[in-house]
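What follows is a single structure, written as C-alpha cells, with notes after it.
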Number of protein chains: 2
Amino acid sequence: MNRKPNLKDVAELAGVSAITVSRVLTHPDKVAAKSRLKVEQAIATLGYIRNHAASALASNRSGVLAVIIPSLSNIVFNEVLQGIYSAVKPHQLQVILGDCHYSPLEEEKLIATLLSQAPEGLILTGTDQTDYARKLLQNAGIPVVQLMELTDHPIDINIGFSHFAAGKAMTEHLLARGYRHIGFLGARMDPRTQHRLAGFRKAIEDWNATSRPESLGAEPQSARCEPYVVTTSQSSSIKLGGQLLQAVMAESQGQCDAVFCCNDDLALGALFAARQMNLRIPADLAIAGFNDLEASALVDPGITSVASPRFAMGQQAVDLLMQKASGAQTEFSPIDVGYSIMVRGST
Amino acid sequence: MNRKPNLKDVAELAGVSAITVSRVLTHPDKVAAKSRLKVEQAIATLGYIRNHAASALASNRSGVLAVIIPSLSNIVFNEVLQGIYSAVKPHQLQVILGDCHYSPLEEEKLIATLLSQAPEGLILTGTDQTDYARKLLQNAGIPVVQLMELTDHPIDINIGFSHFAAGKAMTEHLLARGYRHIGFLGARMDPRTQHRLAGFRKAIEDWNATSRPESLGAEPQSARCEPYVVTTSQSSSIKLGGQLLQAVMAESQGQCDAVFCCNDDLALGALFAARQMNLRIPADLAIAGFNDLEASALVDPGITSVASPRFAMGQQAVDLLMQKASGAQTEFSPIDVGYSIMVRGST
DNA sequence: TTGAAAGCGATACCAT
DNA sequence: ATGGTATCGCTTTCAA
C-alpha cells in the first residue's frame, strides 16, 4: 500500500468502524479501553496521520487561529506572539501568521486570505482596519481581537492601552524634570506612534497653558516649553535614532535638552550618537524611549521608557477569543492593560 | 440566507455551474471573459469566501507551508522568517509557524501536528531532529529543508553554514590579534552554539600545536593560548552576558584578555559590564560576538561579529522547496551560504 | 469553454 | 459503547 493510510485503513486493521477511530482521536474517553488500545496500535503501525482538511470540512472546525501583525522584524510584536503561542497550547490550535507591513490595505488582503481558512478567531494589531476589512470580519462571524491599542468603536474584543496617555505621561515626566526644549523623534509613523506624538503635543500644550496663562502676560522664558518634532516615514532602527537626533539638534539650533523617542530603538541610537557628540546624559540631554526593551535597562545610563504587558496581552487575546468562541459570554468592553513609565538614568 | 455562501450559491447567482466558479478562482484564464465577469460579480455580491478545507480535501493541495523555529524571541530566526515570508508571497501559501523552544522532542511533536495539515513543504531549523521525526518526515513525502546549519546526512534539502568553521575563524582572528587568554561565553548551548564552541577549541588546539610543537620543548609563555570556557544552559540575554563575563574573569583570575561570546546579546552584555569594570576595550579586553545584530555595529566600540545571510537563507529555503514540490529537480546537495567576520573596534 | 457525476476523508446524527 | 449513512464544499475526471 503506497498511499497514505486513512481512517478506514486504521479501522480495518483495528477491527472496528471508522467512526470509532475518529472518536479515539477526539474523545478518547468515550471509547472502551479495549477498542482504544487496538486503535492506538493500528494508528502506530500504519503511521496514520489524520487529514486535517477532511476533519475541518466535516466538523466545521478548522482548529486554526489567524494572527496578523504589522511587522515581523519589530521585537515588540514577537513578545505578543509569544504570549499568543503560550496561550494557544491547551486549545489545540494552529497559528497562521500574517505580516501586513503596517499597511491597512495589505492587512485587508490578508484578512480575506486568512478567512478562507475559516479560523476560529482572528487577532489583529491596532484599530485602523479598512472599512471593507471590518465588513469582512463582521460577516465572518468569528471572534476578533484588536490588540495593543484602545478604541471606542471596537470590531469585537479590544485589548490594549492608550498610547496617547502614555506619550502624554512621558512628556509630563520630562517637563517635571525641568526640561523645556523637548524634541520628539518619530519613525514609521504608524497610528500608535501618532498617538504618542499627539500625547506629547497635548502635554506641552497643557503645560504652556498652565504655566503661562495669557491673562497674566509674559513670564520667564524658562517656564515655557518649546517642542521640536522630527519624524520620518522610514522604518525605525537604532541607526536612524542617531540621525534623527542630529536632525532635531539642527532644527533646534542646539537648544534641545531632551528627546522623547517613539521607541527604544531610536532611543538607543540617540544615546549612542549623543555620546559621540560628547553630550552628558542626562545633564546636557535627556533621552526617553518607548517599549522598554531589555537593552534600555542595561545601557549606561539606562533609558527611561514606557513598559507594557505585551506577553500578557497576547495571552489574554487568546483566552478571551476562546471564551467567546465557546459561547461563554458575548460582550467584552475594551480592556485597558495599562502601561508604566520606567524611570532610569537617562532622564 | 444566513449560512455562508458556497460555490453552488455563487454558481446559481451567476447562472453557471459550480465547476466554472471553481475555475474562475483557480485558473481565471481558462474561463470565457463573459462567464468570468458574471462569476466575479456574484462572488462580490455574496461576499463569498472559498472554503479552504473543502478545497484542500478535493485537490489534495493544502496551500500550507509549515515552519518550525527554535525560538520566537530570538531575533535571528525572525530574519529568517522574513525571508521565508517574502519568498512565499508569489506562491499563494500560508505559513503555519511552530516554536519548538530548542527542544527536539517538542519539535517532533510539532512535526507530527503540522503534518496533519498536509503542508506542501516543511522548513526546520538545524539538523538535530529525533529519529522518529526523521521517519515521520520521510514517510510524509514532502520536501523538507533543514536550515541554518550544514550536515553530511540531510533529510532532504539543506541550507546553512558551518558554525564550527565560523567559531574557529573568529577564534583565529583573536589569536592573530595577539590575545592569548581567550574566554568563551556560551548560553543555551543548542547544537549550533556547541559547534561554535568546538570551533573555538579546535582553533586554540591548532594554535598551541603549531606555535609550541612538543619536539621543540618549552617556548615563551606568551605564545601558548589559554582557553577559558564558561557556559550555561540558561537562555541568552544581554544581562546574562555581563554575568558570564564576571564568571570568566573569576575563573581566569583576571587573566582573560578576550572573550568570544556565542552570540551578540551576550557580547553586548559583556561590553556594558566591561565598561562598568573600567576595562578598556580592546586594550584590556577584546569582545567578539556572533550574528552581527544591528546594535553590534553601533555601540562604541563596535563589536566584531559573525554575519550570515539569514534573510536570504529563508528565501532560498522556500525557493528550493517550491522547485522540488513542482518536481523540477529531485536532489540538491547541501548548500553552504557562508559567513563573514565583521571586524570592528572591539577586537 | 462548459458541465455532470464521482469522489476526497473525516464527522454528525441517529440507531442499536 | 459502537456502527451505518449522509454530508461537509470543492475539485477531478471525463464527456459534450
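Chain identifiers are assigned alphabetically (A, B, ...) following the order of the sequence lines, protein sequences preceding nucleic acid strands; residue numbering begins at 1 within each chain. Atom set for the values below is all heavy atoms of this structure, side chains included, hydrogens, waters and symmetry mates excluded.
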Distance-minimising heavy-atom pair for Ala87(B) and Val318(B): CB-CB, 3.7 Å
Approximate separation, where rounding is to 0.5 Å, of Ile155(A) CD1 and Leu137(A) CG: 5.0 Å
Donor-acceptor side-chain pairing of Gln315(B) and Ser86(B) below 3.5 angstrom: yes
OP1 or OP2 of dG9(C) under 4.0 Å from side-chain N/O of Tyr48(A): no
Nearest-neighbour nucleotide for the Leu57(A) side chain, dT12(D), dC8(D), dT2(D) considered: dC8(D)
Selected nucleotide, minimal atom distance to Arg50(A) side chain, candidates dG9(C), dT1(C), dT11(C): dT11(C)
Distance, rounded to the nearest Å, where Leu37(A) contributes CG and dT2(D) contributes P: 12 Å
Salt bridge flag under 4.0 Å for residues Lys324(B) and Glu120(B): no
Rounded distance (Å) that lies between atom P of dG9(D) and atom CD of Glu12(B): 13 Å
Spacing between Ile49(B) atom CD1 and dG9(D) atom C1', to the nearest angstrom: 14 Å
Nucleic acid contacts of residues 19-29 of chain A, taken as heavy-atom distances under 4.0 Å to DNA chain D: Ile19(A), Thr20(A), Arg23(A)
Salt-bridge present (Glu106(B), Lys89(A); N to O < 4.0 Å): yes
Between P of dG3(D) and NZ of Lys8(A), the distance in whole Å: 14 Å
Atom pair distance, as rounded to whole Å: NE2 in His52(A) and P in dG9(C): 16 Å
Polar side chain donor-acceptor pair, Thr130(B) to Glu107(B), under 3.5 angstrom: no
Given dT2(D), dC8(C), dA10(C), the nucleotide with the shortest approach to the side chain of Ala58(A): dA10(C)
From CG (Asp99(B)) to OH (Tyr85(A)), nearest 0.5 Å: 7.5 Å
Val16(B) side chain, from C-beta outward: closest of dT11(C), dG3(C), dT11(D): dG3(C)
OP1 or OP2 of dT2(D) under 4.0 Å from side-chain N/O of Ser17(A): no
Nucleotide dC13(C), atom P - distance to CG of Asn60(A) in whole Å: 11 Å
Selected nucleotide, minimal atom distance to Asn51(B) side chain, candidates dC10(D), dA10(C), dC8(C): dC10(D)
dT11(D) phosphate, OP1 or OP2, under 4.0 Å from Ser59(B) side-chain N/O: no
Atom pair distance, as rounded to whole Å: NZ in Lys30(B) and C1' in dG3(C): 16 Å
Interatomic distance where NZ belongs to Lys4(A) and P belongs to dC8(C) [whole Å]: 15 Å
